[in-house]
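In this text, all values refer to a predicted model and were calculated from it rather than measured experimentally. Residue numbers run from 1 in the order of the sequence given. Just so it is clear, the values below take in all heavy atoms, side chains as well, and ignore hydrogens, waters and symmetry mates.
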Amino acid sequence: MVCDGSSDERPARRRHWPEAEKRRMVAEVEASGRSVAEIARRYRLASSVLGRWRSRYGAKMPPATAPSFVPVTVAASATEMNEPDGPRRSEARIEILLSHGRRLVADEGIAPSRLRLLIAAIEGA
């Protein structure tokens, strides 16, 4: 026997909520940004009940789309357009894979002392 905690110890009855009330509570969860548990406590409901109503009456999530490539157009930057014609520094880069999936990309002409400082700073973060 389930009791609702009242002094006369009568069995708790199941409440029957009209569909419009269920939808209103679900809309409140979705619009307010509050948790299901918080709204459920407000109406003295089990959060699982409100969660079930939410899956039944809530806004349907759009189907997930598969990852895909999108077209990209690369335009010259303002600095590239204003660079004088003359010798350019090397465009070669080095890539160093560090711990925790981090990576460092630098010009190939970077001074070793500066590279050590960068690596120490990144690894310490």
Side-chain angles (χ1 to χ4, degrees):
M1 177 160 73
V2 178
C3 296
D4 64 0
S6 62
S7 60
D8 58 0
E9 297 297 324
R10 286 184 289 181
R13 287 190 190 172
R14 292 181 77 167
R15 292 181 286 176
H16 295 281
W17 296 88
E19 184 176 329
E21 277 296 301
K22 293 176 186 178
R23 289 182 183 276
R24 187 184 62 72
M25 287 183 233
V26 167
E28 185 176 342
V29 169
E30 292 175 354
S32 69
R34 293 189 209 140
S35 69
V36 171
E38 187 177 345
I39 301 297
R41 276 192 302 272
R42 184 171 166 202
Y43 293 103
R44 299 182 65 185
L45 284 172
S47 58
S48 62
V49 171
L50 186 53
R52 195 169 36 250
W53 293 349
R54 189 174 183 209
S55 64
R56 185 178 301 154
Y57 302 115
K60 301 296 183 216
M61 297 298 290
T65 58
S68 62
F69 290 102
V70 295
V72 175
T73 304
V74 178
S77 70
T79 56
E80 287 176 344
M81 292 173 31
N82 295 330
E83 282 183 3
D85 291 335
R88 292 185 173 189
R89 63 186 174 117
S90 172
E91 302 246 349
R93 304 249 190 251
I94 57 171
E95 181 175 331
I96 302 169
L97 299 176
L98 303 170
S99 63
H100 304 292
R102 298 174 181 156
R103 67 183 188 152
L104 173 65
V105 179
D107 289 332
E108 75 174 339
I110 189 169
S113 59
R114 180 164 287 180
L115 188 57
R116 277 192 292 278
L117 287 172
L118 287 170
I119 291 171
I122 293 170
E123 289 291 335

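Taken to the nearest 0.5 Å, the CD1 atom of Ile96 stands 12.0 Å off from the CZ atom of Arg103. Rounding to the nearest 0.5 Å gives a distance of 10.0 Å between OG of Ser47 and CZ of Arg52.
Side-chain atoms of Trp17 and Val49, non-hydrogen and from C-beta on, never get closer than 4.5 Å to each other. At least one side-chain heavy atom of Arg15 sits under 4.5 Å from a side-chain heavy atom of Leu45. Side-chain atoms of Val29 and Met25, non-hydrogen and from C-beta on, never get closer than 4.5 Å to each other.
Screening residues 20-29 for side chain to side chain donor-acceptor pair (under 3.5 Å) gives Glu19-Arg23, Glu21-Arg24, Arg24-Tyr43, Glu28-Arg42, Glu28-Tyr43 as the qualifying pairs, with residues at least two apart or on separate chains.
With sequence neighbours excluded, the residues that form a side chain to side chain contact (heavy atoms under 4.5 Å, CB included) with Ser35 are Ala37, Glu38. Shown here are the side chain to side chain contact (heavy atoms under 4.5 Å, CB included) partners of Ala27, two or more places apart in sequence or in another chain: there are none.
Across all non-hydrogen atoms, the minimal contact from Ser32 to Ile39 is OG-CD1, 4.2 Å. Across all their heavy atoms, Ile122 and Leu104 have their closest contact at CD1-CD1, 3.7 Å.
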For residues 111-118, please give each side-chain donor-acceptor pair under 3.5 Å, one per line with the distance, not counting sequence neighbours.
none

